[in-house]
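Report on the following structure.
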Amino acid sequence: VVLVGHSSGIVLGQVSVQDQIQEAVVALAEASSRGGDVSGLVAELNVVILEVDSGEYDAVEASNTIDGIIVEAEYLAMSAASENTLGLALTGINLVVVVALGILVWRYFPTIYWRIWLRYRGHWIVE
Amino acid sequence: MRTDEKIQTAILVVLAAYGVLVAAPVVLGDRVVEPFSELGLLGPEMKLGDYPRELLVGEGFDLFLYLGNHMGELSYYRVYAKLGDSGLNVSDSVPYGGRVVEEYEYVLVDEANVTLPISMSLGEAGLNRRLVFELHRFEGDSFVYDGIWIQLWLNVTSPP
């Protein structure tokens, strides 16, 4: 615990909590960049930040809350990464199917079309 | 063009369009063309205007700070309120040289904004005092001046 000057007065534990806030921000940014929804955790962190800014906070409680946010953000980052991998795989499969369909249509569509045409109109007589 | 060729072309066009729609988000990602942040100052009625102009030393006044994040990523902002006079410069690249009287911090996800109520009082008298609000953004391991600032001109007098 360190005593440091703050604009609104002397605040206890500012340095350690400030470092933790920065660590939480880095973890949240990582989770967010991987597509995780971090809005709830950010709201939670902002409550701590505003309390710290006001100088009226319990350093231990704030530290525990931030620790919880960091853990959840890291979990969210991992889940989001797995979802991203799955999403990429599905996109890849989608594209392969589309390309395969394109080749099939390009190669065989006229044949299929005329076979169907002959089946239904082959008995027509031109007069 | 024969009928079968027309239908074949139409199917291929539809498939190509679908392929582009599926691949575009992966190729382009969530790229932001022109990332920017917003800083605004609202008066005590939460409107642009009615800003304090004449104050007594130690007299409290209320304002609202507006922050907006369009950086394409989560941003951790710090706003410094600095007090000085016209002799000190501030620009988009050089932060104001005045004394820091308050600082405010907030984290915003991309495309989010917030309006924060703030209460201040100034402890020193002076005419044409310049109260500058500067936006700094956390990058890497420290806060970096974002080049955005706004100011209030104040006459602060000692109580009679």
TODO: Select one option (side chain, backbone, both, neither) describing which atoms of B/Arg78 are under 4.5 Å from chain A's heavy atoms.
DONE: side chain
Task: Spacing of OG belonging to A/Ser39 relative to CG belonging to B/Leu108, to within rounding of 0.5 Å - done: 12.0 Å
TODO: Identify whether B/Val109 and B/Tyr66 are in the same connected component of the hydrophobic contact network (ILVMFWY, side-chain heavy atoms under 4.5 Å).
DONE: no
Task: Under 3.5 Å: donor-acceptor pair, side chain of B/Glu105, backbone of A/Leu50 - done: no
- [ ] Can you check whether anything in residues 96-105 of chain A gets within less than 4.5 Å of chain B, heavy-atom wise, and list it by number?
- [x] A/Val98, A/Leu101, A/Gly102, A/Val105
Task: For chain B, which residues of residues 110-127 of chain A have heavy atoms nearer than 4.5 angstrom - done: A/Pro110, A/Tyr113, A/Trp114
Task: For A/Ile49 against B/Tyr106, the heavy-atom pair lying closest together - done: CG2-N, 4.5 Å
Open item on the list: Check for me, please, whether B/Val156 and B/Leu56 land in the same ILVMFWY cluster - side-chain distances under 4.5 Å, paths through other members count.
Closed with: no
Open item on the list: Taking the side chain as everything from C-beta on, heavy atoms only, tell me whether B/Tyr76 gets closer than 4.5 Å to A/Leu28.
Closed with: no
- [ ] Please list, in residue-number order, every residue in residues 68-92 of chain A that has a heavy atom less than 4.5 Å from any heavy atom of chain B; write 'none' if there are none.
- [x] A/Leu88, A/Thr91
- [ ] Decide if atom CZ of B/Phe36 counts as having more than 12 heavy atoms of other residues, nucleotides or ligands within a radius under 6.0 Å.
- [x] yes
Open item on the list: Side-chain heavy atoms nearer than 4.5 Å, only ILVMFWY residues, links allowed to pass through others: does that put B/Met46 and B/Leu48 together?
Closed with: yes
Task: chain A contact residues among residues 119-142 of chain B, heavy-atom distance under 4.5 Å - done: B/Phe138, B/Asp141
Task: CZ (A/Arg107) with more than 12 external heavy atoms under 6.0 Å - done: no
Task: Within 6.0 angstrom of B/Glu54 CD, more than 12 heavy atoms from elsewhere - done: yes
- [ ] Pick one of side chain, backbone, both or neither for B/Gln8, based on which atoms fall under 4.5 Å of a heavy atom in chain A.
- [x] both
TODO: Taking all heavy atoms of B/Phe143 and all of A/Gln22, pick out the closest pair and write down the distance.
DONE: CE1-NE2, 4.0 Å
Open item on the list: For a quick test of reading the model, state the closest non-hydrogen atom pair linking A/Val42 to B/Val107 and the distance between them.
Closed with: CG1-O, 3.5 Å
Open item on the list: For a quick test of reading the model, state the closest non-hydrogen atom pair linking B/Gly19 to A/Leu95 and the distance between them.
Closed with: O-CD2, 3.6 Å
Open item on the list: Please classify the contact between B/Leu15 and chain A as side chain, backbone, both or neither, with a heavy-atom cut-off of under 4.5 Å.
Closed with: both
Task: Taking every non-hydrogen atom, the tightest pair across B/Tyr18 and A/Asn94 - done: OH-OD1, 3.1 Å
Open item on the list: Nearest 0.5 angstrom please: A/Phe109 CZ to B/Asp4 CG, how far?
Closed with: 7.0 Å
